[in-house]
Asks: 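First the structure, then my questions, so here it is.
Per chain, numbering begins at 1; letters A, B, ... match sequence-line order. Keep in mind it's a predicted model, so treat the numbers as computed, not measured.
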Amino acid sequence: MTETWILLGATSSMARALARAVAERGDSVILAGRDMAELEAMANDARLRGAKLAEAALFDARDPGTFGPLIARAEALEGTINAAVFVGSMPEQAQIDSDPSLVDGTVTDSFTGPARLLTMLAPVMEARGKGTVVGVGSVAGDRGRLGNYVYGAAKAGFATYLSGLRNRLTRSGCHVVTVKPGFVDTAMTWGIEGMFLVAPPEKVAADILKAVRKKKNVIYTPFFWRYIMLIIRSVPEPIFKKLSI
Amino acid sequence: MRWKTAEYHGWGRALRAEGQLARPERRAALDALMREEPAPAIGMRRSYGDACLNTGGRAVDMTRLDKLLAFDAEQGLLTVEAGVTLGEIVDTLGPKGWIPMVLPGTGFATVGGAIGNDVHGKNHHHDGSFCQHVTELTLIAPDGTAQTVKPDTPLFRATAGGLGQTGVIASAQLRMRRIKGDVMTVTERRAPDFDAFRALLDESHASYTVGWIDTTATGARLGRGILEEGETIAGLVPPKKPSKTVPLDAPGFALSSPVVRMFNRAYYARVPKRGRTVVKPLDNFFFPLDKIHDWNRLYGKRGFHQFQCVVPLTAVEVIRDMLGRVAVSGLASPLAVLKRTGPGRAGHLSFPMEGYTLACDLRARPDAVKLIQRLEAQTADAGGRIYFAKDALCSADRIPQMYPELEEWRAEVAKIDPDGVLKTDLVRRLSLRSAA
C-alpha cells in the first residue's frame with residue numbers, strides 16, 4: 001500500500017531530512033512550501049533516491065488560497081495520507097517588541113495557518129481510516145521565556161491544537177504525533193549564541209519515523225530534552241519570572 | 001545570511017583558521033549571498049592543509065546544498081548540487097549500476113571540492129582526472145552572476161583544480177560509469193622491494209590500481225608493499241559493517257615509530273606470498289578509511305601532514321630516494337600510497353602528470369616539517385609537483401616551476417575575481433594569485 005507524505009514547510013532542514021528518509025524507503029512525497037524552484041529540485045532528489053512519486057506544491061501559511069488545491073491533491077491520491085508540519089517563523093523577540101505587528105505573522109506561520117490546513121485535511125484522513133499527522137512544535141512552547149515568548153506562545157497553541165486533533169482522529173484510526181525538538185542544527189539556529197547539544201536534522205527525522213511506527217503521542221528529540229524541559233517547567237513562577245534562560 | 005564565527009581546520013588538523021561561515025540551505029539563499037556578500041566556498045574540509053581555510057575572512061559552507069538534481073540514464077549523466085558527497089552518490093546510484101567515473105580515496109569529499117582540486121582516483125592511468133568527466137558546471141562569480149561553464153573553455157580550465165578562485169560552484173553535471181555490479185574483486189599481491197613494486201605498477205592493466213607502501217621498511221626491503229587491483233563485478237554484496245568513530249584525540253605514542261613498524265609488518269604479512277583475490281563492497285575498495293570516522297584524531301591534538309608529490313616517469317629514482325628518507329626519519333604512519341598516474345588533467349593547476357605519485361602521512365612535528373620541505377625541493381628538482389589539496393608547508397617560490405600554466409590561470413582568475421574576494425589561506429601562503 002502506498003504511503004504519501006505531505007510535508008508542509010518542506011524546505012526546512014528537518015523536513016528535508018524526513019523527505020529523504022521516506023523517499024529512500026519508496027514512499028511518495030508532496031513537498032509543499034513557498035520556494036517552488038527549490039521544491040522542484042527537492043522533488044527530483046526524492047525521485048532519484050527512490051520515491052514512488054514526488055511533487056512540489058505551493059503552500060503559504062499566510063495565504064489560505066493555497067490550501068484548497070493542496071487538499072484536492074491529497075484527496076486524489078490513493079493509499080495512506082500522512083502529513084508533517086514543519087512551518088513556523090521565529091523573528092527575534094527584540095524585533096517583535098519594536099514592531100508588534102510581527103506577532104500576527106509569527107502566530108499565523110507557527111500555529112493558525114497549519115492548524116487551518118490540518119482542519120481541512122482531517123476529514124480526508126478520517127474517510128480513509130488511517131494515516132498520521134506529525135506536528136513539529138518546539139520546546140520553546142513548554143514555557144514562555146524572555147527570549148522568544150511570542151514564538152513560544154504560537155508553538156504552545158499549536159501543541160494544544162495537536163492534542164485536540166489527536167483526540168479527534170484517534171476515533172477513526174488515525175494518529176497524531178507531537179514532536180518537540182530541542183536545538184537542531186538548522187538555518188534557524190546557525191550562528192546563534194548559546195546553542196548546546198545541537199542535534200543533526202537526520203537524527204530528528206529518524207526519531208520522528210520511530211515515533212510514527214510506535215504510535216507515540218508526544219516526543220522530545222533528542223530524548224533528553226524531556227528532562228531539561230521537566231526541570232524548566234518545574235521552576236516556580238515567582239523564581240522563573242526573574243530568570244533569563 | 002547569518003554568519004557564524006568558528007574555528008575550523010582541514011583534514012590534517014595541523015593548520016587552523018578562525019573566521020566567519022555561512023551555510024545556505026537553498027539555492028536561492030546561495031544566490032542572494034553571492035550577490036550581497038560573496039565569499040569562497042568550502043565543503044567537507046577533506047583537503048589536508050589550508051586550501052579550505054580563510055583566516056579572518058568568510059567562507060560559504062556548501063554541505064547543505066547536496067541534492068541530486070537529474071539523472072539521464074541513457075547518456076549516463078548525473079546533475080548534482082556541489083555540496084553532495086561522492087560517497088552519497090555511490091550509495092544512492094551504485095546499487096542501480098552507476099558510479100562516478102573518478103573517485104578519490106575518501107567518499108566524504110564533495111563534488112565541489114573534487115572539482116576545485118581536480119582530484120584523481122585509482123583509475124587515473126586509464127580514465128584521467130575528475131574534471132575530465134565534468135560535462136558542465138554552474139559557477140557563481142563574485143559579482144553574483146551565475147553562468148554555465150563548459151569544458152574546453154578558458155574559464156573551465158581555470159575552475160578545474162582552480163581551488164575555488166573563479167567563484168562558487170553551485171552544481172555540476174558528471175559523466176557516470178556503468179558498472180557490472182556493486183561489488184569488486186580485488187587482487188592483492190606482495191611486492192618485496194621497490195623494483196618489484198615498480199614493475200608490478202608498470203605492468204598492471206586492471207581498471208583500478210593502487211599500491212600500499214611500507215614506509216618503515218629499510219635496506220633490502222625498502223619500498224616493499226602491496227599492490228591492489230580492482231574490477232567491478234556482479235555478485236552478492238557482503239553486508240556493510242557499521243562504521244566506527246575515533247572518539248578522542250589519541251596520545252602521542254599511538255602512532256610512534258615502533259607501533260607503526262609493527263603494524264606495517266603485520267599488514268604486509270596479511271596478504272599471502274602467492275597473493276590472493278577477495279570480494280569487497282564498492283565502498284571498502286574506494287574509500288577504505290571512511291569506515292573509521294574521524295580517523296585523523298589518531299594523530300593526536302597536533303595533527304599531521306600529508307606529503308604528496310608526482311614526478312615524471314623518468315624520475316622514478318627520486319621516489320626511491322624519498323622513501324629512504326621517510327623510512328629513516330621514523331615519522332611515517334601506516335598510511336602511504338604509491339601509484340602510477342597517466343597524463344590526464346583538466347585545468348591549469350591540476351595536479352596529475354604522467355609519472356609516479358607518492359603520498360604519505362607524517363605526524364606534525366618539527367622534524368616532519370623539515371623532512372617535507374626537503375621532499376618538496378626534491379620534487380621540484382625532479383620536474384614534479386606537489387598536490388595543493390594536501391600541502392601545508394611548501395614555499396611560494398617553488399610553485400611557478402611546478403605549475404608552468406600558473407600565469408594563464410592567474411590571468412583568467414583576475415578577470416572574474418579582480419578584487420581577490422575569493423582568496424584563501426593557501427592562495428595567500430603560496431602567492432598563487434600574484435607573483436611573490
Asks: Indicate the atoms forming the closest heavy-atom contact of B/Arg64 with A/Arg16, along with that distance.
Replies: O-NH1, 3.3 Å

Asks: In terms of heavy-atom proximity below 4.5 Å to chain B, should A/Ala187 be classed as side chain, backbone, both, or neither?
Replies: both

Asks: Please report the closest heavy-atom contact between B/Ala28 and A/Asp35, naming both atoms and the distance.
Replies: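 So the minimum-distance heavy-atom pair works out to CB-OD2, 3.8 Å.
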
Asks: For B/Arg27, does its backbone N or O pair with a side-chain atom of A/Glu38 as donor and acceptor, under 3.5 Å?
Replies: yes

Asks: If you count heavy atoms of other groups shown closer than 6.0 angstrom to CD of A/Glu78, is the number above 12?
Replies: no

Asks: Would the number of heavy atoms belonging to other residues, nucleotides or ligands and lying under 6.0 Å from CG of A/Leu243 be above 12?
Replies: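 More than 12 heavy atoms, drawn from other residues, nucleotides or ligands, come within 6.0 Å of this atom.
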
Asks: Any donor-acceptor pair under 3.5 Å linking the side chain of B/Arg2 with the backbone of A/Met188?
Replies: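 A pair under 3.5 Å: yes.
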
Asks: Does NZ belonging to A/Lys210 count more than 12 external heavy atoms closer than 6.0 Å?
Replies: no

Asks: Out of the candidates A/Ser13, A/Ser12, A/Pro201, only one should pair with B/Glu25 under the side chain to side chain contact (heavy atoms under 4.5 Å, CB included) rule; please name it.
Replies: A/Ser13

Asks: Are the side chains of A/Arg20 and B/Lys67 in touch, meaning some heavy atoms are under 4.5 Å apart?
Replies: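 Touching, per the 4.5 Å side-chain cut-off.
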
Asks: What distance do A/Thr11 atom OG1 and B/Arg26 atom CZ have between them, rounded to the nearest 0.5 Å?
Replies: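 A/Thr11 atom OG1 to B/Arg26 atom CZ measures 5.0 Å (nearest 0.5 Å).
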
Asks: Could you check which of B/Leu93, B/Leu21, B/Thr5 has the highest count of heavy-atom pairs closer than 4.5 Å to chain A?
Replies: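 It is B/Leu21.
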
Asks: Is the count of non-hydrogen atoms from other residues, nucleotides or ligands lying under 6.0 Å from A/Arg34 atom CZ greater than 12?
Replies: no

Asks: Answer yes or no: is there a side-chain heavy-atom contact under 4.5 Å between B/Phe71 and A/Asn44?
Replies: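 Side chain of B/Phe71 against side chain of A/Asn44, heavy atoms only: no contact under 4.5 Å found.
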
Asks: Are any side-chain N or O atoms of A/Trp190 and backbone N or O atoms of B/Met1, one a donor and one an acceptor, separated by less than 3.5 Å?
Replies: no

Asks: Check A/Arg49 with B/Glu88, please: is the shortest side-chain N to carboxylate O separation under 4.0 Å?
Replies: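 Looking at B/Glu88 and A/Arg49, the cut-off is met.
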
Asks: List the atom of B/Leu68, the atom of A/Asp45, and the distance in Å for their closest heavy-atom pair.
Replies: N-OD1, 2.7 Å

Asks: Let's go through B/Arg23 and A/Asp185 carefully: what are the C-alpha distance in whole Å and the side-chain angles of both, what is the deciding distance for side-chain contact (heavy atoms from CB on, under 4.5 Å) to 0.1 Å, and is it a yes or a no?
Replies: CA-CA 11 Å; B/Arg23 191 185 59 191; A/Asp185 188 9; 2.8 Å; yes

Asks: Does CD in A/Glu92 sit with more than 12 non-hydrogen atoms of other residues, nucleotides or ligands closer than 6.0 Å?
Replies: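 Not buried by this count: 12 neighbours or fewer within 6.0 Å.
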
